[in-house]
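By convention in this document, chain letters (A, B, ...) are assigned in the order of the sequence lines, proteins followed by strands, and residues within each chain are numbered from 1. Computation of the quantities below employed the complete heavy-atom set of this structure, encompassing side-chain atoms and omitting hydrogens, waters and symmetry-equivalent molecules.
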Protein chains: 2
Amino acid sequence: LNRVATGDEIVKFDADGRQLSGTLIAPAIKAPGVSFVHGWGGNQEQYFTRAAEIAALGCMCLTFDLRGNEPSDPEHETVTREHNLRDIIAAYELLSSRPNVDRSAIGVVASSYGAYLAAIVTSLRPVKWLALRAPALYKDEDWEIPKQQLKSEELAAYRRSSLSTPENRALAACAKFEGDALIVECERDDVVPHPVITNYRAAFESVNSLTYRILKGADHRLSEDRWQQAYTSILVNWATEMVVGARESGSTPRAHTRLRPSPQRGPSTPA
Amino acid sequence: LNRVATGDEIVKFDADGRQLSGTLIAPAIKAPGVSFVHGWGGNQEQYFTRAAEIAALGCMCLTFDLRGNEPSDPEHETVTREHNLRDIIAAYELLSSRPNVDRSAIGVVASSYGAYLAAIVTSLRPVKWLALRAPALYKDEDWEIPKQQLKSEELAAYRRSSLSTPENRALAACAKFEGDALIVECERDDVVPHPVITNYRAAFESVNSLTYRILKGADHRLSEDRWQQAYTSILVNWATEMVVGARESGSTPRAHTRLRPSPQRGPSTPA
């Protein structure tokens with residue numbers, strides 16, 4: 001009973017030149033965990049600043065590099081969605097197995113290709129918060145084809161179409177997702193066009209809350225600093241509401257849907 | 001901006017035998033700090049279990065050994081209150097300088113001789129929560145006399161007397177203490193008799209809250225397990241109210257005085 005527990009830190013400290021012995025026992029409160037998934041060709045650095053801001057809210061954050069994404073990587077031509085999905089699952093396991101992380105409060109923040117895979121992860125692991133910026137879509141049947149070999153014209157046509165939720169693995173996962181979702185659209189995105197966002201928005205039929213925001217004038221890569229900052233601001237505001245709200249209420253924030261209606265269509269009807 | 005901050009942890013982890021690189025960014029929330037001060041002749045072990053329970057509330061806890069307290073210590077015959085006061089201050093500095101400790105939320109939990117010194121510490125360092133079990137009293141004028149050489153008969157007479165707050169350094173410190181105080185009396189204490197507790201209770205005239213409890217039938221050393229457990233239970237209940245209350249309200253718990261009136265005298269009048 002009266003033993004020093006594993007993880008306690010034995011400290012020696014000085015009082016007037018006399019060395020004293022002590023034991024530091026760390027606070028045993030578990031923090032939410034948030035994993036950050038970059039887009040195709042990117043790396044973890046793009047999420048360092050955002051991860052630090054969300055860590056300041058009291059979360060344990062994990063950024064990481066998906067395999068084969070860097071163009072100089074020898075696997076760049078052969079890596080598939082299956083490979084990178086396994087990477088995201090491995091990162092999830094690392095984060096959720098940390099002793100000070102609350103396994104029941106894991107969030108995933110992701111962009112583009114990473115956001116598409118993160119949506120699928122919600123069907124494989126418990127995810128409480130899901131933030132998707134410019135989430136991409138890919139055909140299920142090309143799952144094992146290396147990412148770099150997907151035909152871009154065919155993909156572009158697929159992304160302009162209106163999809164029913166069951167016909168796409170990522171959208172089907174979103175349909176069953178019961179946590180809190182954030183969708184951030186880039187207004188001038190020529191990689192992930194508006195119909196993709198509409199398909200995602202329509203798919204989230206079981207969520208606890210949905211927040212939809214548009215980055216005015218932004219391109220897919222957020223090539224201007226002001227768009228980067230606007231995304232950070234949206235993400236951190238949303239995370240503050242979710243994480244601090246969950247801490248204050250002792251549970252998830254109350255169910256509510258906050259949609260920013262688009263003038264072309266109703267708030268929750270796909271085009 | 002996009003650099004890994006000091007304290008971030010570079011992690012390597014495995015996905016299907018492929019090693020991935022990641023960065024863990026720890027939650028940047030500060031915890032209250034609680035220091036535990038044992039009584040004369042004791043050591044830090046007597047507080048290990050209690051410190052672990054209070055760490056479970058989200059506090060960084062520090063137990064430590066006061067110099068010269070163990071009878072086998074070469075300084076046992078020469079150590080003074082001044083020495084041990086410096087030890088407690090050094091422990092305070094160690095704890096409050098930890099990067100994840102909230103310097104404005106430091107508590108001190110102490111027993112007997114340690115409780116007497118802890119009361120004095122509140123006049124030298126900011127203390128938010130002060131828990132005194134069987135706090136002892138000593139004459140100011142003997143301050144530099146080694147603890148082990150104090151005359152026990154003279155001390156016993158002093159402890160039976162009713163003292164005005166200004167005439168004792170510990171009581172004077174209590175009078176200016178504006179945080180939350182807990183006093184735990186041992187009902188059958190033949191070292192720290194009831195008038196000492198009465199003097200302490202009367203001294204706390206500026207507190208935010210005062211909680212007074214009696215360990216029924218207990219002796220000074222809590223020589224029976226059930227008394228040890230009863231003390232732990234009182235201490236942890238009080239710490240829960242203080243720490244969780246401060247977290248929920250974003251500040252100190254609301255001002256209130258909870259006195260368990262003794263049949264012999266009014267709740268706040270010294271005998």
Side-chain angles (χ1 to χ4, degrees), chain A residues 1-5 8 11 13-16 18-29 31-36 43-49 51-52 54-68 75 83-84 86-91 93-95 98 100-101 247-248, chain B residues 1-5 8 11 13-16 18-29 31-36 43-49 51-52 54-68 75 83-84 86-91 93-95 98 100-101 247-248:
Chain A
L1 200 66
N2 276 349
R3 300 285 174 69
V4 176
D8 290 352
V11 286
F13 59 105
D14 185 87
D16 304 318
R18 172 71 151 78
Q19 195 183 62
L20 303 182
S21 293
T23 310
L24 274 165
I25 301 117
I29 271 197
V34 181
S35 182
F36 295 80
N43 63 51
Q44 62 177 327
E45 286 186 25
Q46 69 192 63
Y47 272 117
F48 279 170
T49 301
I54 290 172
L57 302 175
C59 298
M60 176 68 85
C61 293
L62 175 63
T63 63
F64 64 101
D65 297 322
L66 292 169
R67 81 176 83 171
E75 290 183 70
H83 294 133
N84 286 148
R86 290 183 188 192
D87 295 345
I88 303 172
I89 296 285
E93 296 296 343
L94 174 78
L95 182 66
R98 298 289 290 200
N100 65 333
V101 168
R247 196 154 56 214
E248 285 174 354
Chain B
L1 202 67
N2 276 349
R3 302 281 175 69
V4 175
D8 291 352
V11 286
F13 58 105
D14 186 86
D16 303 317
R18 172 72 152 75
Q19 194 184 59
L20 303 183
S21 293
T23 311
L24 274 164
I25 301 119
I29 271 198
V34 181
S35 181
F36 295 80
N43 62 50
Q44 61 177 327
E45 285 185 27
Q46 71 192 62
Y47 271 117
F48 279 170
T49 301
I54 290 172
L57 302 174
C59 299
M60 176 69 85
C61 292
L62 174 65
T63 62
F64 64 101
D65 297 323
L66 292 168
R67 81 178 83 172
E75 290 183 69
H83 294 133
N84 286 148
R86 291 182 186 192
D87 296 344
I88 303 172
I89 296 285
E93 295 297 342
L94 174 80
L95 183 65
R98 298 290 289 199
N100 65 334
V101 168
R247 195 156 56 214
E248 285 173 354

**Region of B/Arg18 that comes under 4.5 Å of a non-hydrogen atom in chain A** = side chain
**Message:** Ignoring hydrogens, what is the shortest heavy-atom contact between A/Ala90 and B/Asp14? Give both atom names and the distance.
**Reply:** CB-O, 3.5 Å
**Message:** Working note: A/Phe48 + B/Thr23, criterion side chain to side chain contact (heavy atoms under 4.5 Å, CB included); need CA distance, chi angles, decisive distance, verdict.
**Reply:** CA-CA 9 Å; A/Phe48 279 170; B/Thr23 311; 3.7 Å; yes
**Message:** Report which part of B/Ile89 has an atom under 4.5 Å of a heavy atom belonging to chain A: side chain, backbone, both, or neither.
**Reply:** neither
**Prompt:** Cut-off 3.5 Å, side chains only: do B/Gln44 and A/Ser21 have a donor facing an acceptor?
**Reply:** no
**Complete:** Cut-off 4.5 Å, heavy atoms of chain A, and the answer for B/Val11 is side chain
**Contacting region of B/Leu62 [heavy-atom separation from chain A under 4.5 Å]** = both
**Request:** Please identify each residue that fulfils side-chain contact (heavy atoms from CB on, under 4.5 Å) with A/Ala31, with sequence neighbours left out.
**Result:** B/Pro27
**Complete:** Given A/Gly33, A/Ala52, A/Gly58, the one with more heavy-atom pairs under 4.5 angstrom with chain B than any other is A/Gly58
**Request:** Could you tell me which of A/Arg98, A/Gln19, A/Glu93, A/Met60 has the largest number of non-hydrogen atom pairs under 4.5 Å with chain B?
**Result:** A/Met60
**Request:** Could I get the full list of side chain to side chain donor-acceptor pair (under 3.5 Å) partners for A/Asn43, not counting sequence neighbours?
**Result:** A/Glu70
**Asked** If you look at every heavy atom in B/Leu95 and A/Leu24, which pair is closest and at what distance?
**Response** CD1-CD2, 4.0 Å
**Prompt:** Going through the distances and angles, do B/Asp16 and A/Asp87 end up as a side chain to side chain contact (heavy atoms under 4.5 Å, CB included)?
**Reply:** CA-CA 8 Å; B/Asp16 303 317; A/Asp87 295 345; 5.5 Å; no
